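Working notes, beginning with the structure itself.
Remember, predicted model here, so these are calculated numbers, not experimental data. Chain A is the first sequence line, chain B the second, and so forth, proteins listed ahead of strands; every chain is numbered from 1.
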Amino acid sequence: MTQLWPTLIILGPAGLLIGIGLSIAARRWQDHSDTMIERINKLLPQTQCEQCGHPGCRPYARAIARGEADINRCPPGGDTTIRALADLLGKQVKALDSSCGEHKAPLLAVIDEQRCIGCTLCIQACPVDAIAGAAKWMHTVIAAECTGCELCLPPCPVDCIDLVSLADQPQRRIPAHVQIPDLAA
Amino acid sequence: MSGDLPVMIHPAGAYLHGFHGGLKLRHYKQISTARALAQPPLPEYLQLSLQQHAGSPAIAVVKPGQHVTKGELLARAGDGLSAPVHAPTSGTIAEIQTLPLLRKPARSAPSIRLHPDGEERWHPDCERSIGNWRDFTPAQTMQRIAASGIVGLGGAVFPTASKLSSQWQTPAHTLIINGAECEPYISCDEMLMREHASEVMLGARIVAHALGITEIVIAIEDQLGALASALETARSQLNDEHILVVRVPAVYPEGGERQLIKMLTGLEVPSDGYPQTLGLACINVATAWAVKRALLDREPLIERVITVTGAIAEPRNWLCLLGTPIQHLLQCSGGLTDPGARLVIGGPVMGEQVTDPALGIDKGSNCLLALAAEQLREPQQSMPCINCGECVRVCPAMLMPQLLYHGIRKGDHALSNRLQLTDCIECGCCDLVCPSQIPLTDYFRAGKQLQAQQRQQQARADKSALRHAAREQRLQDEAAQAARKEAERQARASNPDQAQAVIGAALQRARLRKQAQKHNRNDTDGDTS
Amino acid sequence: MTRMAAGAPHIPAQTSVQKVMAQVLLALLPGILAYMYYFGVGILVQITLALLFAYTFEYLSLSARQQPLRNYLCDLSAAVTAVLFALSLPPLAPWWCSLIGMLFAIVIAKHLFGGLGQNRFNPAMVGLAVLLISFPRIFTHWSPPAMLVDNPLSMLEVLRTIFTTQPPPGMSWDAITQATPLDQLRTGAATGLLVTEVRQGPVFGHFGGLGWEWIANWYALGGLWLLWRRVIHWRVPVAVLLTTFMLTTPFYLFDPDANPLPLQHIFSGATVFVAFFIATDPVSGSATPRGQLLFGAGVAIIMLAIRRWGVYPDGVAFAILVMNMFAPLLDQYTRPRVFGHPR
């Protein structure tokens, strides 16, 4: 027992010191450089839907890099994105924060051209300039550019925008016994 | 593609080189070869999908109610990679509707229903002479092959003309005619060669001629001794010493183009390349026969040989019009002997389960197999992987199926990418040797689909990111411009004296200009007076 | 027409885990019979005990993990573990050896790692290693070969010895047990005897040790049958045996007095048994062709190193466990080139 004390006296504080040093270092040199933001941003679905509470995907990426936002706030990305982020950042995978919204299949906005009054409000709201039109002229969504972010819905005074599912035609049938994380979505 | 392509040392077929993995499977071919090749009676209707080939669907050029003759164009080739569809017999177009594809039931495409009139009257184009094929330029031959709707009849249904006229990295030197069906039960190519050996060889010569190739290698399985002698006879009749008949060991999946090429030449077609990369052309025997009929008999591709076998009362090979309904074929063959049998289009290892027997056969349908209930596997009973490595041993693509399976199950797409999931040829060998009975190929198909989906999503995300950045830039520029203008306005408003001075100077300039103009006018006035 | 239950292939595999395991058990039979012939019925008692405990623990673990009992109890993997473990025990080892061994093998090495197919380490060898470390004395008490025993123990005496953990009345441990040839070589070397002198002892047969060399032959026969049945493949056994031979030959040629014959290394101890039945365990081994060669070679190298310099007479359990650790790494770095990709 007497031999134990020197060990405890030396190793205990040494361990404590190293631990404190490491935690300071982790905070001090935390990687919120641009490359880190870029890498996080690359994993986000780029819907620019702002459901995470940030004005676009890049600002959300920046917030994650700075440790200001959690990784489970992206409904369009769903579990896949959360897993990829957790992988990159060495964090725990968690469920999607339902206060941000629910994960849905990719969507596409379609303007009902009968009802559109040409107010241009949706054009200003679209984060990827995917709506073409001019004042007093009927607008239309460029299908290939639309991210389905739903940001054009609130400003529309006549509710002429609908969202349709953009599910791709599957190439093959996948039998029920095949269980893969992302396939369920 | 790497610059240094492997070079063939010996002519193709001079030696057999073998390939990694594969399985010796029981053949069950004799079941369907006892009865001679025959034509079934005309069915009540033909159901012709416009997506019978790889690429974009054909576009219908006929309307419901229209009467068509045998061999008439029903649908022209679509954009890009595609192939036309012709009327297999004369009759009336009943309707055009969207139906699931026979061999890819998850997808659907427009489909033409044709009611035969029983007259079998040929379209005039099919009776007009087109001249001697030897006088054709390569482009003319290829055009003819494309216009006849010929696609790879081994099952890949890749438009043949597109395949043969694509980029040749190495000058074409050998044409391989693939007669090595390796899946059990299927005997359509064997029967075709038995009955039409010389026509197949003629077709091969036509293709070879168009490509400027002299060497032709016909590969058949080694257990078909009688067939080999039939081919030899045909060859001696043609008196062509450039045709070589090679018997290759029947190891599944030998009928795979890449495996057959490895066997005959010892070369591996690069993963991102095609046989053309090595100067090789490889077509199926049935495709060669179709080429002969298109060029010599002026018949477009309207029929093919299909094996109807398994739990069937009278299994046999039919020379069958495209679009013949599955149920009609079953009826002609005496029906099922086991009511619980599963209908499969293709072989037992790679075939697709038939979802709707009302659908018609397509250009890639080489076999209609009824698998008795007790022969079917039950995928629910799989056990955990025990890492036995049998799948590694048999994988002809030299992949690590057990690791791929773990990767796909975990959703680790980076791992499945690293392990080259895309190189999987879905031959099913790993399933057949797995002691844990894991449906590996099902997982690989699902994994591939997910990968494709993710590539698509990533492409969309990249584009959205660019557009979003562009918009941000535009908004920034606009704001900056507005701010600059506003600043100028503010500056003017805050300094009235300077503004007055500027205005005064402008007025002064205007006055001076006016005077100068007046002066000038006076001068010219003076000149003219 | 029913909805698609599964994609291609539509026909089943002709093999199963159960069939594989059953063939391994069958292949062990000649070895077990030879073992009984040379060393008495003790081994049969050990196998029975190990099976009993293995299936008790297997049942409890599966129930606790809420796994389908029928599938997993029938897969025979626990039986293989139990038999391989029992064959590594001295025939007269106390009954609780199987209890402890199977507890570590089935509960800890197998089910705590995720059950069938998930164990990183060979369960039988984990159980054996625990005993080797905790109760090394037991492994010095091997039965002598039958040719050297005048009146062998009866079944009753064997049972009593195993269950009371005491030698039969009127006999001592020394009377009924003996050190293995490998153990004698080790102690001989420690006391400065030459190998040739030690080998004068009665237990040394032609090259491997009386009885042992014949058991090895019968194991090899079972192994060859497994090879022929394609249950195991040539790379691992060949790598183990060839490496053993190649590594010991120079030592022997250099100094035959201090180093045993290469064949002695192969035919004594558990070398052949390990080469065909232990190192070929797929779950904890490598699945790539080159990985299997390296795995086998590594087992042989570590085994010989322990025999030569370690404190244990035969180090196969530790050799296997160490190589088990490297198996995922071997798989990673010996991945075959994919068809159509440059070398």
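Comparing B/P384, B/C385, B/P396 by heavy-atom pairs within less than 4.5 Å of chain C, the highest count is held by B/P384. Most heavy-atom pairs under 4.5 Å with chain C: of the set B/G389, B/G21, B/S271, this distinction falls to B/S271. Per-residue counts of heavy-atom pairs under 4.5 Å with chain B were compared for C/P68, C/P289, C/A287; the largest is that of C/A287. For the options B/L399, B/T441, B/V433, B/V344, heavy-atom pairs under 4.5 Å to chain C are most numerous at B/V344.
Heavy atoms closer than 4.5 Å to chain B are found nowhere in C/Q18, neither backbone nor side chain. For a residue to count as touching a neighbouring chain, one of its non-hydrogen atoms must lie under 4.5 Å from one of that chain's; by this rule B/V392 touches chain C with the side chain only. Of the two parts of B/P184, neither the backbone nor the side chain holds a non-hydrogen atom closer than 4.5 Å to a non-hydrogen atom of chain C. For chain C, the nearby part of B/V269 is the backbone; its heavy atoms alone come within less than 4.5 Å. Contacts of B/C388 with chain C are made by both backbone and side-chain atoms, with heavy-atom separations under 4.5 Å. Interface remark: B/Q402 contributes side-chain atoms only to the contact with chain C (heavy atom separation under 4.5 Å).
Under the 3.5 Å distance criterion, with hydrogens and angles disregarded, a donor-acceptor pair is assigned to the side chains of B/E390 and C/H233.
For B/K448, the salt bridge (Lys or Arg N to Asp or Glu O under 4.0 Å) partners at least two apart in sequence or on another chain are B/E426.
Between the SG atom of C/C74 and the CE atom of B/M383 there is a distance of 8.5 Å, given to the nearest 0.5 Å. Considering OG of C/S77 and CD1 of B/I386, their distance stands at 8.5 Å, rounded to 0.5 Å. Remark: C/I11 CD1 to B/L376 CG distance equals 10.0 Å, nearest 0.5 Å. C/D75 contributes atom CG, which lies 9.0 Å from atom OG of B/S436 (distance to the nearest 0.5 angstrom).
Side-chain contact between C/P9 and B/M350: absent, with no pair of heavy atoms (C-beta onward) separated by less than 4.5 Å. Between C/Q14 and B/L432, the closest side-chain pair of non-hydrogen atoms is not below 4.5 Å. The closest side-chain heavy-atom distance from C/H10 to B/Q353 is below 4.5 Å.
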side-chain hydrogen bond (donor to acceptor under 3.5 Å, both in side chains) between B/D272 and C/H341, worked out:
CA-CA 8 Å; B/D272 54 354; C/H341 284 264; over 6 Å; no
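Residue C/A13 comes nearest to B/C434 through the heavy atom pair CB-O, 3.6 Å, listed as atom of the first residue, atom of the second, then distance. Of all the heavy atoms in C/A8 and B/V349, the pair that sits closest is CB-O, 3.1 Å.
Contacts between residues 255-263 of chain B and chain C, defined by a heavy-atom separation under 4.5 Å, are made by B/R258, B/Q259, B/K262. Of all residues in residues 105-116 of chain C, those placing a non-hydrogen atom less than 4.5 angstrom from a non-hydrogen atom of chain B are C/L116. Listed in order of number, the residues of residues 318-340 of chain C that approach chain B to under 4.5 Å between heavy atoms are C/D331, C/R335, C/P336, C/R337, C/V338, C/F339, C/G340.
For B/R393 (side chain) and C/T288 (main-chain N/O), no donor-acceptor pair under 3.5 Å exists by modelled atom type. Although no hydrogens or angles enter the test, the distance criterion places no donor-acceptor pair under 3.5 Å between the side chain of B/D431 and the main chain of C/P12. Between the B/Q437 side chain and the C/T15 main chain, a donor and an acceptor come within less than 3.5 Å of each other.
Under a cut-off of 6.0 angstrom, the local environment of CZ in C/F245 is sparse, with at most 12 non-hydrogen atoms contributed by other residues, nucleotides or ligands. Within a 6.0 Å sphere centred on CD of C/Q66, heavy atoms belonging to other residues, nucleotides or ligands number 12 at most.
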